[in-house]
Q: 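Take a look at the following structure, please.
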Amino acid sequence: MRGLEIWLLAIGLAMDCFAVSIANGILLKRIRWKPMLVTAFSFGLFQAVMPFIGWMCARTFSHLIESIDHWIAFIILAFLGGRMIYESFKNEECRYEFDPTSLKLIFTMAVATSIDALAVGISFAFLGIRDYKAIVPPTLIIGLVSFIMSLIGASFGILCRNGYARKIKAELWGGIILIFIGIKILIEHLYLQ
């Protein structure tokens, strides 16, 4: 994967963090740096660690399926992107029953939003990333972008409350980006090699 693809992938993955952070910001109601930074750090950390874990697990057997690895990467990214697009159309009302400053809740949200990143890490192994030096930059970029997008999302949620925050459909755009990257990988392996 090239630099631009990694940044687009990171943005796509960070859209879940962004959407959840908007909801957290709506619940926070005002700028509160400690919970916002704790949430952003947790999201960024899990978004960076999960692709690494997925890559570690998959790289041990990726050589066995090299002839179809591009299809696997496409299917994983298309599935994740499709699921994000589907979720973006659900009409879920923001509920005020939970405390967005709770460490247990922050940890749970960080894990939940990073499951897609685990699958992306698996696709990294199928794309031929074989050594640690090659996997560290994408995982750090994913973590950094997730951290930044989480802070932006929380601030946006605080500023806009229930009004404009939901209209941008962050999950929709994240899903479209993931599907686009999956299609690009498939085209490159089928037609450009």
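As the structure is a prediction and not an experimental result, all values here were calculated from the model. Along the sequence shown, the residues carry numbers beginning at 1.
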Q: Rounded to the nearest 0.5 Å, how far does CD1 of Ile183 lie from CZ of Phe74?
A: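 Atom-to-atom, Phe74:CZ and Ile183:CD1 are 5.5 Å apart.
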Q: Quick one: closest heavy-atom pair of Ile142 and Pro51, and the distance?
A: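 So the minimum-distance heavy-atom pair works out to CD1-CG, 4.1 Å.
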Q: Is there a path from Phe147 to Val111 through hydrophobic residues (I, L, V, M, F, W, Y) whose side chains come within less than 4.5 Å of each other?
A: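 Shared cluster, yes.
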Q: For Phe18 and Met149, work out which heavy atoms get closest and say how close.
A: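 The answer is CD1-O, 3.2 Å.
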Q: Within this structure, what is the CE-OG distance for the pair Met109 and Ser102, rounded to the nearest 0.5 Å?
A: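 Nearest 0.5 Å value for the CE-OG distance: 8.0 Å.
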Q: Could you walk me through whether Leu9 and Glu5 pass the side-chain contact (heavy atoms from CB on, under 4.5 Å) check?
A: CA-CA 6 Å; Leu9 179 65; Glu5 291 172 343; over 6 Å; no
Q: Test side-chain contact (heavy atoms from CB on, under 4.5 Å) on Phe124 and Met56 and set out the steps.
A: CA-CA 10 Å; Phe124 283 164; Met56 286 286 295; over 6 Å; no
Q: Which residues pass the side chain to side chain contact (heavy atoms under 4.5 Å, CB included) test with Ile122, not counting sequence neighbours?
A: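 In terms of side chain to side chain contact (heavy atoms under 4.5 Å, CB included), with neighbours along the sequence ignored, Ile122 is linked to Ala58, Ile76, Phe126.
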Q: Do any side-chain atoms of residues 31-44 form donor-acceptor pairs under 3.5 angstrom with protein atoms, and if so which ones, sequence neighbours left out?
A:
unit_1 : atom_1 : unit_2 : atom_2 : d
Thr39  : OG1    : Pro35  : O      : 2.8
Ser42  : OG     : Val38  : O      : 2.8

Q: Looking at every heavy atom in both Thr139 and Ala48, which two are closest together, and how far apart are they?
A: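 That would be O-CB, 3.2 Å.
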Q: Specify whether Trp55 and Phe52 have parallel, tilted or perpendicular ring planes, treating 30° as the upper limit for parallel and 60° as the lower limit for perpendicular.
A: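 Geometry flag for Phe52 against Trp55: tilted rings.
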Q: Does Ile148 have any side chain to side chain contact (heavy atoms under 4.5 Å, CB included) partners at least two apart in sequence or in another chain, and if so, which?
A: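 Listed in chain order: Leu144, Ile152.
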Q: Hey, are the side chains of Ser123 and Val120 touching, using non-hydrogen atoms and a 4.5 Å cut-off?
A: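 SC-SC contact between Ser123 and Val120 confirmed.
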Q: CG of Leu140 to CD1 of Ile135: how many Å apart, nearest 0.5 Å?
A: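 Result: 10.0 Å between the selected atoms.
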Q: Kindly write out the residues that satisfy ring pair (Phe, Tyr, Trp, His ring centres under 6.0 Å) with Phe107, not counting sequence neighbours, or none if the list is empty.
A: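 With neighbours one apart ignored, the set is Phe46.
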Q: Could you work out, with side chain to side chain contact (heavy atoms under 4.5 Å, CB included) as the rule, every residue matching Leu118, not counting sequence neighbours?
A: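 Leu118: side chain to side chain contact (heavy atoms under 4.5 Å, CB included) contacts with Met50, Ile53.
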Q: Quick one: side chain to side chain donor-acceptor pair (under 3.5 Å) partners of Thr101, sequence neighbours excluded?
A: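 Checked Thr101 against side chain to side chain donor-acceptor pair (under 3.5 Å); matches are Asp99.
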Q: If you look at every heavy atom in Cys17 and Ser150, which pair is closest and at what distance?
A: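 Scanning both residues completely, I find the closest heavy atoms to be CB-OG, 3.4 Å.
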Q: Show the nearest heavy-atom pair for residues Val145 and Trp7, with the distance to one decimal.
A: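 Reported closest heavy-atom pair: CG2-CZ3, 3.4 Å.
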Q: Taking all non-hydrogen atoms of both residues, which atom of Ala125 and which atom of Arg130 are closest, and how far apart?
A: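 So the two residues come closest at O-NH1, 3.1 Å.
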